[in-house]
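Numbered from 1 within each chain, the chains take letters A, B, ... in sequence-line order.
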Amino acid sequence: MRSSQVLIATLKETPADAEIISHQLMLRAGLVRRLASGLYTWLPMGLKVLRKAEAIVRQEMTSAGAQELLMPSIQPAELWQKTGRWNKYGPELLRLKDRHGREFCYGPTHEEVITELVGQEVRSYKQLPITFYQIQTKFRDEIRPRFGLMRAREFLMKDAYSFHLDQESLQQTYDSMFAAYSKIFERMGLNFRPVQADTGSIGGNASHEFHVLASSGEDAIAFSSQSQYAANVELAEALAPRGKRLPAVAKMTNVDTPKKHTIDEVCQYLDIMPAQCIKTILVQGSEEGSVVALVIRGDHEINEVKAEKNPLIAAPLTFCTPEQVTKACGASIGSIGPVGLTIPLLVDRAAANIANFVCGANQNGQHFSGVNWARDLPEPETADLRNVVAGDPSPDGEGVLEIARGIEVGHIFQLGDNYSKKLNANVLAESGKSQILSMGCYGIGVSRVIAATIEQYHDDRGIIWPLALAPFQVVLVPINAHKSIRLRESAEALYQHLLDAGFDILFDDRGQRPGVAFADMDLIGIPHRLILGERGLDNGMVEYKCRADGSESEFSIDDVVVQLRKRLNI
RNA sequence: CGGGGCAUGGCGCAGUCUGGUAGCGCACUUCGCUGGGGGUGAAGGGGUCGUAGGUUCGAAUCCUACUGUUCCGACCA
């Protein structure tokens, strides 16, 4: 393609509202433009990239045996009412009415539609298992869209759904989707990790997320230094400490801690480490109006996902109001402790393992020190309530955990029969009886993958596309073509030659000054650059530069196809 | 939802405090010189100063309301 025929909408300056690097570079390279909060137009150059990502996804879905279809982006409320999600989904669901006053939503996901469809169209066990996928625009009315395309409201998603008679078949498709996802992200050239994940409100047996590793990632993932174990921190189990609790030597005493509320303040005031304190957090219990105390070590954090799974605790996890706190323990936030509490107490394994600790005294401005379980208060009921931290033992017993940041680009679930039951999706089984289908669902945030890729591959000049996602594989820049008919003709001929040889090539025929052309192409991130100038032409040579490592070389024009193929690894 | 910032040409910003009819850089158009990492000179085009009210002889500037947008928070014991 000729650059004079593609919109090259590069920006010299960084737009003020772009915070993270991928957002800045997508705007600067002219891949996208913002229309409204969380809504973006894909410009031609950006769309080329998006289509390449889509193509990879399509190929791997097809070879994993999934069939492509396309469902409407607008869905009737009725379907969502049947599964109960019309009420449950909350304000993220964009609801709308047509001219007759019928209610619809803009689909944030398509479980309802596909389940309904399969329930109608698939009648016999002989047609199973079956997997469908689509690449469709979704809309989720995020509380706070941010980071450009990373957390946009409208985004492009590949979603696949599989249908089965039994768990074994579901597991098989799940495994092949897992493999297909790995293949997809490998082909894109991404540094990624599959991790065990929480199934969230959807429920189900198994779930994995695929994360692109990047320091700007919104998720924390834990992985073992020695084994294959990897999990979202939301899920990663914090094992009980191996060592025995130290003996209770200190005497429990009441200490004044005026106006010291946070763990940090108390620790500084008493000159102790946060690990010697415990913090007590009051949350709503699962019974209406009840309150439960959660106890963790001072240097740890509550894991909401784990906590709300506890039968005593209300989901979603809700912290108590100041009034409830005062009523339950007689002190306000900052002075709560487990000693003498009459409400149910759940203690994290690590917090249960410390001795001679400091905690709130349930009296404002007072803490206890030298407190010990089984002496000053009963031996506690323990639970896993905290986020794992780096250095914790790996839950599989091998190695210790490390923590990294990740961008979630894919998520696969075993849904079971949650949706099929409610939408009555069943088939006749071999026995002649009708049977509810069991389901899996598999998503990839295609537009997010693009942003994640840029987070991983850029430098101070711009984007450095992995070959598989680059808008063009090669760019040909003629230098000073305006001055020389010979050069113009040679450049045209070379362009045609490379086109015929099957390269995905951009011919920069804009006639810009070399500096401008180079800067634009570096910003856009085309992996391989050929430069044709008078100098080289005299010797029948063309210059080559690699975007990723900056290496330069020169080779004969006659040899250019061979040389490029070598560098493109084809 | 709570708190803060911002809104002036396509982009980045100044001007607002102290009211007098809008400016800079980049980009864009034309012409010249130049031509291997965002060159240069000249001449141009482009702005209801977010919207609506109000104060005033006069409002980008002061007041009120609204809208948009963005950042932080919604893990706090």
For this session: State yes or no: are the ring centers of A/W80 and A/Y89 separated by less than 6.0 Å?
Result: yes
Problem set entry | A/F368 side chain reached by A/V255 side chain, heavy atoms, under 4.5 Å | no
Exercise. Taking the same atom, C1', in B/G47 and in B/G9, what whole-Å distance lies between them?
Worked result: 5 Å
Exercise. For A/E19, which residues count as a side chain to side chain donor-acceptor pair (under 3.5 Å) partner, sequence neighbours excluded?
Worked result: none
Exercise. So, is A/S37 close to the B/U70 phosphate, meaning a side-chain N or O under 4.0 Å from OP1 or OP2?
Worked result: yes
For this session: Let me know, please, whether A/F147 or A/L317 comes out on the 5' side of the other along RNA chain B by nearest nucleotide.
Result: A/F147
Exercise. Heavy atoms under 4.0 Å, any strand shown: does A/N387 hit a base, just sugar-phosphate, or nothing?
Worked result: base
Please list, pair by pair, any protein nitrogen or oxygen found under 3.5 Å from a nitrogen or oxygen in nucleotides 36-44 of chain B.
residue	atom	partner	partner atom	Å
B/G36	O6	A/E543	OE2	3.4
B/G36	N1	A/E543	OE1	3.1
B/G36	N1	A/E543	OE2	2.6
B/G36	N2	A/E543	OE1	2.1
B/G36	N2	A/E543	OE2	3.4
B/G37	O6	A/R529	NH1	2.9
B/G37	O6	A/R529	NH2	2.8
B/G37	O6	A/K545	NZ	3.2
B/G37	N1	A/D522	OD2	2.8
B/G37	N1	A/R529	NH2	3.3
B/G37	N2	A/D522	OD2	2.6
B/G38	O2'	A/K12	NZ	3.0
B/G38	N1	A/D520	OD1	3.3
B/G38	N2	A/D520	OD1	2.9
B/G39	N7	A/R513	NE	3.3
B/G39	N7	A/R513	NH1	2.9

Exercise. With a non-hydrogen cut-off below 4.0 angstrom, is A/I263 in contact with a base, only sugar-phosphate, or nothing?
Worked result: sugar-phosphate
For this session: Quick one: label A/E304 by what it contacts on the DNA or RNA (base, sugar-phosphate, nothing), any heavy atom closer than 4.0 Å.
Result: base
Exercise. Which residue pairs satisfy the side chain to side chain donor-acceptor pair (under 3.5 Å) criterion with at least one member in residues 541-550 of chain A, sequence neighbours excluded?
Worked result: A/D459-A/R547, A/H528-A/Y544, A/D549-A/S551
Seminar exercise, completed: Applying the 3.5 Å cut-off to both distances, the Watson-Crick or G-U partner of B/G9 turns out to be none
